[in-house]
Amino acid sequence: MITLRGVSHSFGGVHALAGIDLDVDEHEFVAVIGRSGCGKSTLLRLVAGLLTPSEGRVEVAGDPVVKPRRDVSFMFQRPALLPWRTVLSNVLLPIEVFGLSPRAYRDRAHELLGLVGLGGFEQRLPHELSGGMQQRVSLCRSLIQSPRVMLMDEPFSALDAITRTELSEELQRVQLELPRAVVFVTHSVDEAVLLADRIVVLSPRPGRIHELADVGLPRPRALGQVELDQVSRELRGLLGEVTA
Amino acid sequence: MITLRGVSHSFGGVHALAGIDLDVDEHEFVAVIGRSGCGKSTLLRLVAGLLTPSEGRVEVAGDPVVKPRRDVSFMFQRPALLPWRTVLSNVLLPIEVFGLSPRAYRDRAHELLGLVGLGGFEQRLPHELSGGMQQRVSLCRSLIQSPRVMLMDEPFSALDAITRTELSEELQRVQLELPRAVVFVTHSVDEAVLLADRIVVLSPRPGRIHELADVGLPRPRALGQVELDQVSRELRGLLGEVTA
Amino acid sequence: MKVVLPVLGLLALIGAWWLATIVFGVDSFLVPSPADVVASFLELPGYLLEQTLVTLWEAVAGFGLSIMIGVPLALLIVGSTVLERMFYPLLVALNAVPKVAIAPIVVVWFGFGIESKVLMVVLVCIFPIVISTASGMKSTPHELVELFRSLDAPRRHEFFKLRLRHALPQVFVGLKVAITLAVIGAVIGEFVGARAGLGYVIYTSGASADTSLAFAAMALLAVISVALFYGLGYVEKKVLPYA
Amino acid sequence: MKVVLPVLGLLALIGAWWLATIVFGVDSFLVPSPADVVASFLELPGYLLEQTLVTLWEAVAGFGLSIMIGVPLALLIVGSTVLERMFYPLLVALNAVPKVAIAPIVVVWFGFGIESKVLMVVLVCIFPIVISTASGMKSTPHELVELFRSLDAPRRHEFFKLRLRHALPQVFVGLKVAITLAVIGAVIGEFVGARAGLGYVIYTSGASADTSLAFAAMALLAVISVALFYGLGYVEKKVLPYA
Amino acid sequence: GGGPPVERAKVNYLTSFSTFGRDAYVYVAQERGFFEQAGLDVTITPGTGSVDVLKLVAGGRAEFGIADFTATAITVTKEKLPVTTIAAVQQRSLAAIVALEGNGISKPADLAGKKIGDQPGSTNQVMFPVYAKAAGIDPAQVQFVPSSPPSLPQLLAAGQVDGIGQFVVGKPLIEAAAKGRKAVVLPYGDLVPDLYGNALVASKDTAAQKPDLVRQFSGALLKGLTYAIEHPDEVGPILKKYQPAQDAGVASAEVALMAPYVKPSGFTGPVGELTQPRVEKILRTLVEAGAIPDGSVRPDDLASFALAPK
Ligand SMILES: Nc1ncnc2c1ncn2[C@@H]1O[C@H](COP(=O)(O)OP(=O)(O)OP(=O)(O)O)[C@@H](O)[C@H]1O
Ligand SMILES: Nc1ncnc2c1ncn2[C@@H]1O[C@H](COP(=O)(O)OP(=O)(O)OP(=O)(O)O)[C@@H](O)[C@H]1O
Ligand SMILES: [Mg+2]
Ligand SMILES: [Mg+2]
């Protein structure tokens, strides 16, 4: 579904990514981990068509990526909510932009907001929400698009452990029901092990890809499972080596 | 050092905090955990004097808090960098505002930036940094103030595990060298156990304080220590009960 | 408070004015005393209010038209660097032409009726609208623009649902500047070939040395301006409750 | 591109103008052809350039003064709701007074020299500066204001290091509107009691029905305006490289 | 001369309106050294119409100025302006209605039902009732459209109005603007011969406290005026020297046209003459026209006959 070949990217002087090769299958859930500033967000932006690589080639569904596509959703690291729109109409924004009927998706939006624990906040404005609540709105906005490819940049970073677990489980469920290609940036090894089919690590400056592990565990998985903890522990060791 | 008595706070209709009592000693490191949206940031804002409680009384160093004080530093949940200032001059902002000589603190700023892995980025503008890098700049800005009370709102949320560990250790070191009252909001139980003398949990809507545990472990502590893991595991259980 | 303070300010101004005419003996043919001005107004209240309505209507009509032309123009300018580079300088140049000097041309082409006055209003107040709208739209935060781009949003959505909406507070600043200019534009329009309006009153009374009447008309102008300005502020509060 | 397009735009305008004077037979006493205007200019190039410099200097001096008065005024207005409520309406009212009508008063008080012209410039261009500065300062993001408050920053730091700096892009919008008004203000000032300047040329040549000369002077005005406008744009780019 | 520099009295002077041929005599006086000989250092500023000039003189910004006598009379009466007239520049009013040939106006009676553009408060407008009566038409049948002076020629040429208020000397200008069409001039002086044209005005203070200065200035200015009407051809080039934007030919033509108004045929008095009986007559005419209330002003309030040219 996603193919990167020899992709490099520089911002002016800063060489952010170098020689990235990566393939993500149609229904594969890939987690990307790596140190802060190593180029994870840049990588997602390249796949989304928001940046053009300085070198190399990015393809989605067989077509070279020249601009953003509607079947690819992007959940940004920062919530990026429109401050003048209510929570509900922020969630419905993609629907409006795609020219679909917001009315038809209203129930779905309510459902999603309920799922992430924001029931009752539909008519609030973003500035009335806490940081984690804003992030969850942004998650709903991304989920309502039902895309073929989901790009998620640290979607749970501002969430507490419990909410995080709940949402991870929800995300797993969604992925089991309607599998898609997911690239998921996270700082939590546990989360990566819980969710991903495959984990890659990006080493810093310039970012390079290291395949770390195929998490060959059966789904659904749950945090605290002994097998998961084992994989996590191994990974942490490897991670230390790669990113030292 | 910090005293809250019967503190409640509402935003219009939303009852964020109710009947909070909390004492933090002069050299105590208190971690606050709780679900997203339960009122942690609001609590810190009340202590900082950025909000006035709807009810109850907040004191710092024996004086009622009526407005922000210079011996209290606040690291916000969002980086809040001035977009037109370089990284270095963002870090030096408190120095300028306090009427001290930025020149005299230049070396200290460079040192802090090096410590958080931002050496070489001193002359960049915030928009050229990744999310985690911005958060680290904000951390340096907070550390340069050498305050008597530090309020930190999820300071490591946008950081990878390794950087997070490094900075946690650094923070411990600082606290050992020059102990102060710290109130530290986090979503990571491990982090709380690693850093805190005492952990309190805020239950949601309206937020109420539950004393969870005195982490009676000797310092310096290190992540992965068996005793820590044990405390963490116990805490997670309690947390589930309280915040259910 | 909301009403008391402006009234206090006004009273302070009038007091200072009165004092000046008495203490410094400002010649009344230059600046009449407030009492003279009030007397002038009370001589012809109905007539003056009628003229006020004429000017008000011209200003409002021209202002409305300016929004209808200026905002789309700003959209074009933001949408195309080529158009911006080609036509922005012309807009600036056009704006620099003293309207008083081209008033006769406008009257010759558009007659003595309201059309020529409305056109004058448009000429004076379109520029602030265009420039503030355009610059507001350009200052949209990059992260929101990126969001729309990530959704492959049509240009029109990026413009209307994002940039223009984001620009609204700045558009209102432009509108506030424009609305006071609109009143002046109407007056300048009335200086040439008008039979009614406050500008006409000022011009005729100025020429016949009836300074008090001219000041009464200017005071009414000020009232219109303040009313329109705060009316716009009220609309802004309704449209942008959180700005 | 940067130079070609504006020149293209200009040529398009001149072409259209020329065509209109020929095809629609626009009377040359109303709108002379570009050739007539150029001829008029070439008759008195030295004299006209001298007048241009006079007007330019008045406009620039008045503009500078407006910044020096307007920005502190905006600071006061943002700093104190009481002052805002009391004096903002007065400022609006003052702005609404047609400057042409008070020109004689200004001349009586300030003389025939440059002072009266500079004052006119200040009167016309202070308002956009004040309002755009004030509204830009008020639109500072809450999180940054909170940062300064958390540092217990003195008012002056919050104003200068944060709000004013944040407002700069909007201040420049106000300045751009103001600079074109400044030129017009200088011209209006020159309509009464002046011995030089483009406004004087326009007024005189208008009365003597020398339309080509008036247009030549207006073209020079447009040139000044565009130059000042883009000069300001250049300064903006230097001051705000990332805006 | 090589003599020691003499301290000359500084004087500010305002023309009536801009710097056309009709106002050019002041430049003649300047150029020919009449002011210098009188020990005066004169700064000339173009005026912007009678009322502005009167305010500026009353306000002390200029010692002397030129304003229409009728407008002065009305303004002084209404606003109690502290100004006085010193001399009459033209013995007959220059006011006229100017139309273009082919507009259906060739004599005063044709004005009925027409639209006239004019500056509000101008002599032409104020005195129109008197003029209309003399011409035998109903003034109410003529519509005045107020317009600023610079726009009048254009409005006339474009046919927006049928006629405009102008000075008789404006004929060459109008014809130049109208690109060859002939102008029809209907001077008020033909039917209302008592009216003065422009007058030299000074503030009452100046007249009372510095009579010598007033006499010297008035003398030098009128010497320039006399010289100008005697040598109209020289006036254009002199004006052009001071005011490069002006057309020398048009200016000379104006001065030639103006000569019979400064010195009408059969007039024997000195140039600038200003007499009590004339002023009284004018005031009566103004009362008749409804421009000022009866008995509100006396000739001495308006003119300093003692300072007038003898
Ligand atoms: N717009 C930009 N201009 C210049 N440099 C940039 C820009 N965006 C990112 N960079 C640089 O590229 C590098 C990678 O940034 P990126 O945002 O991809 O990091 P990241 O892996 O997402 O980090 P984090 O975990 O902190 O979000 C960083 O060194 C950053 O300084
Ligand atoms: N300015 C505001 N106006 C209205 N409601 C607010 C405002 N700020 C916070 N709230 C509400 O107060 C509650 C607590 O918010 P707070 O930001 O303190 O949560 P938090 O514990 O910091 O959450 P998070 O972990 O997501 O940052 C939330 O329900 C939020 O909706
Ligand atoms: Mg990132
Ligand atoms: Mg928070």
Side-chain angles (χ1 to χ4, degrees), chain A residues 11-14 16 33-42 76-79 116-118 120-121 124 127-136 153-154 156-167 185-190 192 201-202 204-205 223-224 233 235-236 239-240 242-244, chain B residues 11-14 16 33-42 76-79 116-118 120-121 124 127-136 153-154 156-167 185-190 192 201-202 204-205 223-224 233 235-236 239-240 242-244:
Chain A
F11 295 99
V14 181
I33 53 182
R35 300 198 58 166
S36 166
C38 72
K40 303 179 294 297
S41 301
T42 306
F76 292 91
Q77 193 168 358
R78 298 222 277 169
V116 301
L118 287 177
F121 284 87
R124 301 255 161 199
H127 78 95
E128 297 175 290
L129 305 185
S130 78
M133 290 159 91
Q134 293 181 3
Q135 198 173 33
R136 284 178 274 159
D153 199 350
E154 306 187 26
F156 303 153
S157 65
L159 300 181
D160 60 291
I162 299 175
T163 311
R164 195 184 273 245
T165 312
E166 286 172 7
L167 292 184
V185 173
T186 179
H187 284 315
S188 159
V189 175
D190 291 343
V201 66
L202 217 54
R205 246 160 272 155
L223 221 57
R233 210 161 310 127
L235 270 179
R236 265 189 260 270
L239 198 60
V242 173
T243 58
Chain B
F11 295 98
V14 182
I33 53 182
R35 299 199 59 170
S36 165
C38 72
K40 303 180 295 296
S41 301
T42 306
F76 291 90
Q77 192 168 359
R78 299 222 276 169
V116 301
L118 287 177
F121 284 87
R124 302 256 160 198
H127 78 94
E128 297 175 291
L129 304 184
S130 77
M133 290 159 90
Q134 293 181 5
Q135 199 173 34
R136 284 177 275 158
D153 198 351
E154 305 188 26
F156 303 153
S157 65
L159 300 180
D160 61 291
I162 299 173
T163 311
R164 195 185 274 244
T165 313
E166 286 171 8
L167 293 184
V185 172
T186 179
H187 284 315
S188 160
V189 175
D190 291 344
V201 67
L202 217 54
R205 249 164 267 154
L223 220 57
R233 211 162 308 128
L235 269 179
R236 263 188 261 270
L239 197 60
V242 173
T243 61

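Per chain, numbering begins at 1; letters A, B, ... match sequence-line order.
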Test item: A/Asp160 side-chain N/O and B/Ser36 main-chain N/O as donor-acceptor pair under 3.5 Å: yes

Chain B interface, residue from A/Ala16, A/Cys38, A/Ala158, A/Ala161 that has the most non-hydrogen pairs under 4.5 Å: A/Ala158

Go through B/Thr163, B/Thr186, B/Val14, B/Val189 and name the one with the most non-hydrogen pairs under 4.5 angstrom from chain A. B/Thr163

Main-chain N/O of B/Ser157 paired with A/His187 side-chain donor or acceptor, under 3.5 Å: no

The interface call for B/Ser41 against chain A, heavy-atom contacts under 4.5 Å, is neither

From CD (B/Gln77) to CD (A/Gln134), nearest 0.5 Å: 8.5 Å

If you tally heavy-atom pairs under 4.5 Å between each of B/Gly12, B/Ser188, B/Gly39, B/Gly131 and chain A, the highest tally belongs to B/Gly131

